[in-house]
Amino acid sequence: MKGWQVLLTEPRLWQALQSSWWIGIAVVLLNLLIAIPAGKTVAFHSFKGKRFFELSFILPILIPSLAVAMGLHMTMIRLGLADHWLGIVVVHLLPSVPYTIKIFHSSFERIGPHLENQAASLGSNKWYSFYSIYFPLLVPSIRSAVFLVFVISLSQYALTALIGGGNVITIATLYFPFLSTAKEAVIASFSLIFAVLPLTVLLLFELLIRIFLPYRKRNR
């Protein structure tokens with residue numbers, strides 16, 4: 001209870017929760033918009049530089065995102081995105097997009113293009129083919145990507161502090177100073193928040209998937 005008492009008396013907690021949740025949602029949506037078409041293109045098409053593009057999937061492991069963000073900081077200032085949540089959303093794409101592309105690249109390779117080709121031979125357009133064929137088959141990958149990306153975004157302290165300039169408070173920036181207190185109850189309470197937030201986002205996307213999934217089991 002002492003841990004929760006400390007957290008609940010923190011005046012910036014609610015602001016940090018809101019910022020983390022909405023920034024994470026924006027990062028997840030951008031990842032899906034970028035990674036699904038990119039993963040499909042890499043899986044089904046050959047183009048110059050494809051091997052180098054596939055190599056970029058592991059760049060977050062080889063090159064620290066903070067090193068790239070330091071170079072982007074001046075660009076963010078010129079664009080007016082520094083000290084703003086939009087800048088944080090953009091910079092959170094660095095450590096997350098390569099992993100998401102890899103997830104959907106593997107998924108499209110597993111599914112293959114033959115189902116879409118059959119639908120096209122029957123007169124279906126690409127958008128309807130994606131919605132009726134690929135979308136139901138990609139649901140497990142979408143779940144994995146949503147959870148992974150939100151956790152990555154939620155845990156970014158250095159990138160958030162650098163681009164946000166201390167003006168944008170998230171759970172990570174609020175949590176980091178408490179590490180020096182060495183109070184286990186406070187750390188445990190923060191850890192519980194870190195565990196619950198991704199679950200709320202996963203439940204939200206699960207609801208959206210249930211609503212928009214073209215084929216659903218109906219009770220008869």
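Positions are given from 1 along the sequence.
Note on L204 and I142: same hydrophobic cluster, where clusters join Ile, Leu, Val, Met, Phe, Trp and Tyr whose side-chain heavy atoms are under 4.5 Å apart, directly or indirectly. Cluster membership for F194 and W14, using ILVMFWY side-chain heavy atoms within less than 4.5 angstrom, is shared. Under the 4.5 Å side-chain contact rule for hydrophobic residues, F205 and I211 share a cluster. Hydrophobic clustering places V139 together with F212 (ILVMFWY residues linked when any side-chain heavy atoms are closer than 4.5 Å, directly or through intermediates). Cluster annotation: I36 is not connected to L33 through the hydrophobic network of ILVMFWY side chains, with a link wherever side-chain heavy atoms come within less than 4.5 Å.
Note: T173 OG1 to L159 CG = 12.5 Å, rounded to the nearest 0.5 Å. Rounded to the nearest 0.5 angstrom, S132 OG and E116 CD are separated by 9.5 Å. N167 contributes atom CG, which lies 15.0 Å from atom CH2 of W85 (distance to the nearest 0.5 angstrom). Atom NE2 of H114 is separated from atom CD1 of I133 by 9.0 Å, given to the nearest 0.5 angstrom. Here T75 contributes atom OG1 and L81 contributes atom CG; the two are 10.0 Å apart, rounded to the nearest 0.5 Å. The distance from the OH atom of Y99 to the CD1 atom of I101 is 12.5 Å, given to the nearest 0.5 Å.
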Quiz item: Can you list the steps and then say if L138 with F108 is a side-chain contact (heavy atoms from CB on, under 4.5 Å)?
Solution: CA-CA 8 Å; L138 288 174; F108 279 111; 3.6 Å; yes
Practice problem: Please test D83 against M76 for side-chain contact (heavy atoms from CB on, under 4.5 Å), starting from the C-alpha separation and ending with a verdict. | Solution: CA-CA 9 Å; D83 302 340; M76 294 289 186; over 6 Å; no
Quiz prompt | Full working for side-chain contact (heavy atoms from CB on, under 4.5 Å) between L174 and T170 | solution = CA-CA 6 Å; L174 195 63; T170 64; over 6 Å; no
Quiz item: After noting the C-alpha distance and the side-chain angles of V201 and V146, does the key distance pass the side-chain contact (heavy atoms from CB on, under 4.5 Å) rule?
Solution: CA-CA 8 Å; V201 174; V146 167; 4.0 Å; yes
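When atom types are taken as modelled, the side chain of Y134 and the backbone of K40 share no donor-acceptor pair closer than 3.5 angstrom.
The two atoms that bring L93 and P98 nearest to each other are O-CD, 4.0 Å, heavy atoms only. Here the closest non-hydrogen pair linking A172 and Y157 is O-CD1, 3.6 Å. Taking every heavy atom of both residues into account, P140 and P136 meet most closely at CD-O, 4.4 Å.
At least one side-chain heavy atom of L115 sits less than 4.5 Å from a side-chain heavy atom of L137.
Side-chain contact annotation: H105 with E109, donor-acceptor N/O pair under 3.5 Å present.
Between Y128 and Y131, the two ring planes are tilted [angle within 30° to 60°].
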Which pairs of donor and acceptor atoms, one on a side chain in residues 19-32, lie under 3.5 Å apart (sequence neighbours left out)?
residue, atom, partner, partner atom, Å
S19, OG, Q15, O, 2.9
S19, OG, I169, O, 3.3
S20, OG, A16, O, 2.8
S20, OG, I171, N, 2.7
W21, NE1, T200, OG1, 3.1
N31, OD1, V97, N, 3.2
N31, OD1, T100, OG1, 2.8
N31, ND2, V27, O, 2.8
N31, ND2, S96, OG, 3.1

Listed pairs under 3.5 Å, donor-acceptor, residues 148-155 side chains, sequence neighbours left out:
residue, atom, partner, partner atom, Å
S153, OG, H92, ND1, 2.9
S155, OG, V151, O, 3.0
S155, OG, I152, O, 3.0

